[in-house]
Amino acid sequence: MVVDDHPMWRQGVARDLAEAGYDVVATTGEGAQAVRIAPAASPDVVVLDLQLPDISGVEVIRGLLAALPGVRVLMLSASGEEQSVLDAVKAGATGYLVKSAGPEEFLEAVRRTAAGDAVFTPGLAGLVLGEYRRLAKGGDPAEDDATPQLTDRETEVLRLVAKGLSYKQIAARLTLSHRTVQNHVQNTLGKLQLHNRVELTRYAIERGLDSPD
Amino acid sequence: MAEHPNGTFQVPLWRAIAIFRFASMAYVVAMVAINVTDYAHPIGAIPALTVIVGWSVAATYLYARPAWRGWPLLGTDLAVTLVLLLASPWVVGRTAIDHGIPSLAVAWEACPVLAWAVSGGRRRGAIAAVVVGAADVTVRPNLTPASNTGLMLMLLAGVAVGHVARLAAESEQRLQRAVELEAATRERERLARGIHDSVLQVLAMVQRRGAHLDGEAAELARLAGEQEAALRALVGGRAPRQRAGPEVDLRAILDGYASASVSIAAPATPVKLPATVAREIGAAVGAALDNVARHGGSDVRAWVLLEEEAGTVTVSVRDDGPGIPAGRLAQAAEEGRLGVAQSIRGRIADLGGSVEIISAPGEGTEVELRLRVTE
């Protein structure tokens with residue numbers, strides 16, 4: 001499923017996907033519509049432009065994951081939208097690509113997202129590193145154990161991703177397997193997303209938004 | 001002193017002066033009516049009252065037009081008041097004044113003082129008050145505590161009203177600047193949205209579709225990609241840097257280096273540094289990137305990573321170029337060519353930070369700048 005408000009882009013991306021042998025089950029230019037048709041279209045991967053005219057990328061991702069648990073979201077966005085990219089990742093998107101990426105890079109990202117891998121750009125790695133450090137610094141002492149932390153190895157891997165090394169290069173440099181590098185990257189995202197869900201739940205309970213039964 | 005041309009904030013002040021002018025005029029008329037029998041030359045009261053009433057109407061009419069509030073009007077206003085004051089000894093008579101009968105201008109003489117103060121601030125108000133006060137003193141044979149108090153109050157009024165008028169003018173200017181800035185920002189955002197939705201998408205599209213092709217078409221696609229990145233940086237830039245502020249966001253400076261071949265990774269939150277420090281780090285990163293472009297060729301890519309942790313800012317610049325052969329930097333220094341290493345190390349050392357350059361042939365080069373910042 002392709003969600004992008006620009007028709008030319010939408011068609012171009014859909015055509016590239018179709019040519020590469022993917023089945024494009026739906027295309028739309030509106031986030032609300034994407035959430036609405038997702039259950040019927042039942043895509044494995046959603047290619048999502050973060051800047052939609054109607055609702056925010058975070059809302060789309062939450063809606064998609066609620067409608068179709070397990071769906072993979074690959075975000076496309078322009079550079080210079082740091083906070084929204086980070087929010088989208090915390091909301092559950094597992095892949096991020098800048099719009100200027102070439103078609104090969106794009107198809108590779110779709111393939112890996114479909115396989116359940118986290119797709120990082122150096123920019124996203126920098127954002128995620130920054131977010132962990134922000135959480136560590138501003139950590140409320142009472143919830144120390146709830147604040148997600150990176151292991152030294154995960155920090156090392158993320159820094160290398162942010163400096164533009166491929167997983168293969170990282171594996172070679174740290175003498176790890178390719179799979180292990182991938183797992184480390186994935187864990188960094190997983191912990192952030194879990195923390196985000198915990199925070200949301202806590203917020204909901206504090207505000208009395210949960211149902212008591 | 002023509003720094004408040006429109007002065008909408010001053011409109012209430014001018015209106016207040018007009019009201020005071022008529023109120024004091026009524027007071028003067030009443031005083032004259034009561035005391036005219038004791039005047040030395042009662043006949044003089046007729047032209048005096050005509051002038052007071054006539055000038056009150058004329059001045060109110062003229063001051064209502066901002067363009068007329070210049071020196072000729074202010075001067076005439078003051079002159080009319082002085083003439084009335086100086087005519088008082090003859091019309092009222094010195095002995096009558098000495099017996100406590102008010103002069104022809106009484107409270108009315110404060111009008112030009114207030115007008116001067118509103119038009120030009122404290123200093124003008126004080127000058128007018130002193131001039132009117134001096135004239136008032138000369139027509140009195142004896143100074144009494146009451147008359148002194150009146151003069152002091154007039155001086156106080158001139159200064160205080162002038163101060164308020166100046167404050168009003170300044171607030172108005174500040175408000176106007178804020179409104180202009182907001183309008184400019186909103187317009188810029190509107191343009192950015194428009195460009196984002198149209199031109200950028202098409203340029204990115206051209207780059208994308210052309211990437212398959214060979215020769216000239218591929219070159220066009222590449223150019224479209226470069227323009228897309230440049231335009232995006234232009235319209236998507238962070239809010240304009242506050243030049244005067246003591247701290248700047250290092251991310252904004254590093255963002256300036258982003259291009260099709262340079263990727264910038266940074267936290268989502270600002271990395272605030274003193275302006276001079278941030279500029280030096282920016283210059284050091286710029287030197288490192290220049291070096292990448294010079295030695296690596298056009299297809300070498302570079303990555304900049306900005307991190308801040310526990311009071312330390314780290315900026316890494318990595319490229320995938322040919323790398324620097326071992327000993328090359330030392331050799332260059334020995335030959336007296338100070339180049340990139342010197343420029344980068346020098347700048348960062350001056351800030352009290354450290355630089356590490358790691359490189360191996362075929363593995364690119366990595367320059368890491370570390371600087372402790374006090375939080």
Side-chain angles (χ1 to χ4, degrees), chain A residues 4-13 15-16 19 49 51 53 76-87 89-90 98-106 120-134 136-138 155 158-166 169 172-173, chain B residues 192-193 196-198 200-212 221-222 224-226 228-229 231-238 251 254-255 258 260 262-271 301-311 314 316-320 363-364 366 368 375:
Chain A
D4 192 311
D5 61 318
H6 202 272
M8 235 171 117
W9 249 100
R10 204 158 64 222
Q11 284 158 18
V13 166
R15 192 166 47 219
D16 283 349
E19 277 170 13
D49 180 0
Q51 273 199 333
L76 291 182
S77 112
S79 55
E81 297 171 57
E82 293 90 356
Q83 193 59 51
S84 61
V85 171
L86 192 58
D87 290 342
V89 163
K90 285 159 81 176
V98 287
K99 272 201 159 177
S100 50
E104 291 80 17
E105 214 177 328
F106 169 69
F120 266 51
T121 58
L124 178 55
L127 289 173
V128 170
L129 265 177
E131 180 66 5
Y132 273 102
R133 281 163 184 170
R134 187 184 68 81
K137 194 167 72 179
T155 307
L158 263 191
R159 291 191 74 216
L160 293 176
V161 173
K163 291 181 198 172
L165 276 82
S166 69
Q169 287 171 306
R173 197 183 271 204
Chain B
R193 266 199 307 279
H196 183 269
D197 290 346
S198 56
L200 285 182
Q201 304 278 351
V202 174
L203 281 177
M205 182 76 197
V206 170
Q207 179 199 17
R208 208 178 135 76
R209 306 241 43 108
H212 302 294
R222 198 184 57 74
E226 274 177 14
E228 192 249 8
L231 193 55
R232 192 184 291 292
L234 192 65
V235 300
R238 288 177 221 279
R251 300 181 310 157
L254 294 185
D255 269 355
V262 179
S263 142
I264 310 282
T269 45
V271 179
R301 301 193 55 195
W303 293 267
V304 177
L305 170 61
L306 167 63
E307 301 165 90
E308 183 183 26
E309 184 179 35
T314 308
S316 319
V317 182
R318 192 188 80 88
D319 66 66
D320 62 356
E363 293 219 357
E366 192 173 325
E368 199 169 272
E375 285 186 53

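All values derive from a computational prediction rather than experimental measurement. Throughout, protein chains are lettered first and strands after them, A, B, ... in sequence-line order, and every chain is numbered starting at 1.
- Scanning both residues, A/L86 and B/A268, for their nearest heavy atoms gives CD2-CB, 3.7 Å.
- Shown here for A/G130 and B/P267, the closest heavy-atom pair between the two residues is CA-CB, 3.7 Å.
- For B/S263 against A/P122, the heavy-atom pair with the smallest separation is OG-CB, 3.7 Å.
- Annotation: side-chain hydrogen bond (donor to acceptor under 3.5 Å, both in side chains) contacts of B/D319 (sequence neighbours excluded): none.
- Contact annotation for A/V128: neither backbone nor side-chain heavy atoms come within less than 4.5 Å of a heavy atom of chain B.
- Looking only at heavy-atom pairs under 4.5 Å with chain B, the residue among A/Q169, A/R15, A/E131, A/E104 that has the most is A/R15.
- Taking CD of B/E309 as the start and OG1 of A/T155 as the end, the distance is 7.0 Å to the nearest 0.5 Å.
- In terms of non-hydrogen atom pairs under 4.5 Å with chain B, the most contact-rich of A/V13, A/L129, A/D16, A/D4 is A/D16.
- Looking at A/A162, the atoms closer than 4.5 Å to chain B (heavy atoms on both sides) sit in the backbone and in the side chain alike.
- The line from CG of A/L165 to CD of B/E366 is 7.5 Å long, rounded to the nearest 0.5 Å.
- In this structure, chain B has no heavy atom under 4.5 Å from any part of A/L124.
- By the side-chain hydrogen bond (donor to acceptor under 3.5 Å, both in side chains) test, A/R10 is found to be paired with no residue, residues two or more places apart in sequence or in another chain being considered.
- Distance check: A/R159 CZ to B/R318 CZ gives 12.5 Å after rounding to the nearest 0.5 Å.
- Only the side chain of A/F106 has a heavy atom closer than 4.5 Å to any heavy atom of chain B.
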